[in-house]
Amino acid sequence: MRIASWNVNSIRARLDHVHRFLREANPDVLCLQETKVPDSDFPTDTFARLGYETHRAGEKSYNGVAIVSRHPVADVRVGLVDAAEGDERRLIAGTVRGMRVLSAYIPNGKSLDSPAYEQKLVWLDRLLTTLKADGAPEAPLAVCGDFNVTRDDRDVYDPARYRDQLFCSPRERAAIARLEALGFHDTFRETCDAAGHYSWWDYRAGSYQRNRGLRIDYVWVSTAARGHLTHAHIEPAPRAWEKPSDHTPVVADLAWAP
DNA sequence: ATGGTAGGATTCCTA
């Protein structure tokens, strides 16, 4: 089963790119983030024509997540298990062929001295609570999305510049370490130790052309699913297509026969 | 050197 994840920075602006990626990479499941569209305006029918069913949790202007799947999706849940009034649309979960798949868009955090930074850390711990409720780590789970955190300095084009900065701060990385301690495995790092592989490049200052990027998008799998992993990679091509998202897709393949 | 660009909604917010 091929599982992919992509922050598309508006599904309406990126619809042709997403369809092209589905045709060329042929994932079984694609998790989307930053769809930036209310559910009533999500282009569900265009995915159906390509043989995919879609489950979305969106809102006007900001945020928004979706799961696009070739196979039936059961037990769809929108939001965190301890959902609160006013929560943004940042999480959707569904079960595909016995695998619980989550599409997550972790808050950016804005800056270390912002209330949004504290909210980011709280949101990450609420995500852990949600994963435990879904049976982690014994249950087969795949947690996909834009985490807005680098796991370590291999994921940063200029670690000195980013030291203790947003995306790289010790408290953010400690939250990621708690995810690992819960029994989640970074599928990309299961197959590649090298520095310099990124999933996001800022639109500004020619960052992509100069390969000034960060690896902040992940497919994590629980211990129950880890042994089924056969391959993982970052697919760089879509970042070079015309009018791209600032993120590129990340992909994991599992020999998964429920 | 602390800028720059993109998307979406509306003269600004988020990333």
Side-chain angles (χ1 to χ4, degrees), chain A residues 5-21 30-44 46 56-66 79 86-92 103-124 127 144-151 155-169 171-173 175-176 198-218 234 236-250:
Chain A
S5 181
W6 194 4
N7 177 324
V8 291
N9 186 21
S10 166
I11 187 59
R12 288 180 290 193
R14 224 66 61 201
L15 194 57
D16 290 346
H17 284 204
V18 175
H19 287 173
R20 180 176 173 186
F21 176 72
L30 174 60
C31 294
L32 299 174
Q33 300 88 36
E34 276 209 272
T35 52
K36 293 187 170 180
V37 66
D39 291 347
S40 57
D41 293 335
F42 194 101
T44 303
T46 70
R56 66 271 191 270
E59 60 188 289
K60 183 180 172 185
S61 305
Y62 305 119
N63 310 312
V65 288
D87 275 357
E88 296 169 326
R89 299 289 215 176
R90 293 183 176 276
L91 185 68
I92 187 167
S103 179
Y105 176 45
I106 281 71
N108 171 287
K110 288 190 173 70
S111 63
L112 265 62
D113 59 357
S114 166
Y117 177 76
E118 301 298 329
Q119 290 158 11
K120 176 182 195 173
L121 297 169
V122 169
W123 201 96
L124 279 163
L127 177 63
C144 311
D146 174 5
F147 277 69
N148 275 314
V149 181
T150 59
R151 189 176 162 207
D155 305 327
V156 186
Y157 75 88
D158 185 346
R161 172 195 169 127
Y162 271 87
R163 181 142 341 269
D164 299 330
Q165 300 299 309
L166 194 70
F167 311 122
C168 302
S169 71
R171 293 176 69 199
E172 289 168 273
R173 286 182 174 174
I176 296 301
Y198 310 128
S199 66
W200 172 84
W201 298 259
D202 198 300
Y203 282 123
R204 299 167 290 189
S207 298
Y208 178 68
Q209 288 72 18
R210 298 197 275 180
N211 197 27
R212 296 186 169 194
L214 304 176
R215 191 175 72 95
I216 55 177
D217 299 86
Y218 300 83
I234 299 173
R239 186 61 177 80
W241 294 345
E242 189 179 354
K243 292 187 73 66
S245 169
D246 44 353
H247 297 251
T248 208
V250 295

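Treat the numbers as computed from the prediction; the structure is a model and nothing was measured. Only heavy atoms go into these numbers, but all of them, side chains included; no hydrogens, no water, no symmetry mates. All chains are named by letter (A, B, ...) in the order of the sequence lines, taking the proteins before the strands, and each is independently numbered beginning at 1.
Rounded to a whole angstrom, the distance from the P atom of B:dG7 to that of B:dG3 is 23 Å. Annotation: B:dT5 and B:dA9 have their P atoms spaced 22 Å apart (nearest Å). For B:dG4 and B:dA15, the C1' atoms lie 13 Å apart once the distance is rounded to whole Å. For the C1' atoms, the distance linking B:dA1 with B:dA6 amounts to 22 Å, nearest Å. With both ends at atom P, the span from B:dT14 to B:dT10 equals 13 Å, rounded to whole Å.
For A:Asp146, there are no salt bridge (charged side-chain N to carboxylate O under 4.0 Å, His left out) partners at least two apart in sequence or on another chain. Listed by chain and residue number, A:Asp153 satisfy the salt bridge (charged side-chain N to carboxylate O under 4.0 Å, His left out) test with A:Arg173 (two or more places apart in sequence, or in another chain). Among residues two or more places apart in sequence or in another chain, the side chain to side chain contact (heavy atoms under 4.5 Å, CB included) test is passed with A:Ala57 by A:Val65, A:Val78, A:Arg89, A:Ile92. Applying the salt bridge (charged side-chain N to carboxylate O under 4.0 Å, His left out) rule to A:Asp16 yields no partners; only residues at least two apart in sequence or on another chain are considered. With sequence neighbours excluded, no residue satisfies side-chain hydrogen bond (donor to acceptor under 3.5 Å, both in side chains) with A:Trp123.
Proximity note for A:Ser61 (side chain, C-beta onward) versus B:dG4, B:dG8, B:dG7: the nearest is B:dG8. Of the candidate nucleotides B:dT10, B:dG4, B:dG7, B:dG7 has the atom nearest to the side chain of A:Ser10. Out of B:dG4, B:dA15, B:dG7, the shortest distance to the side chain of A:Ala13 is found at B:dG7. Nearest to the side chain of A:Arg204, among B:dA6, B:dA15, B:dG8, sits B:dA15.
B:dG7 atom C1' lies 15 Å from atom CG of A:Leu15, rounded to whole Å. Summarising the geometry, the separation between CD on A:Glu59 and P on B:dA15 is reported as 11 Å, rounded to the nearest angstrom. Put simply, CG on A:Asn7 is 11 Å from P on B:dA15, counting in whole angstrom units. When rounded to the nearest whole Å, the span between CD of A:Gln209 and C1' of B:dT5 equals 11 Å. Here the P atom of nucleotide B:dT2 and the OH atom of A:Tyr162 are 16 Å apart, to the nearest Å. Between the NE2 atom of A:His247 and the P atom of B:dA6 there is a distance of 15 Å, given to the nearest Å. Rounded to an integer number of Å, the gap from A:Glu242 CD to B:dA6 P is 12 Å. Atom CZ in A:Arg212 sits about 12 Å away from atom C1' in B:dG4, given to the nearest Å.
Put simply, CZ on A:Arg239 and CH2 on A:Trp201 are 7.0 Å apart, with the number rounded to the nearest 0.5 Å.
Using a 30° and 60° split on the angle between ring planes, A:His17 and A:Trp241 fall in the perpendicular class, above 60°.
At the heavy-atom level, A:Arg161 lies under 4.0 Å from base atoms of the strands shown.
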Detail all sub-3.5 Å separations between protein N/O atoms and N/O atoms belonging to nucleotides 11-14 of chain B.
from	atom 1	to	atom 2	distance (Å)
B:dC13	O2	A:Tyr62	OH	3.4

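Nearer the 5' end of DNA chain B, as judged by each residue's closest nucleotide, is the contact made by A:Asn9, out of A:Asn9 and A:Glu88. For A:Gly109 and A:Arg210, each mapped to the nucleotide of DNA chain B holding its nearest heavy atom, the one lying further toward the 5' end belongs to A:Arg210.
When all heavy atoms are compared, the tightest approach of A:Ser169 to A:Leu112 is CB-CD2, 4.0 Å.
Between A:Arg14 and B:dG7, a side-chain N or O to OP1/OP2 separation shorter than 4.0 Å is present.
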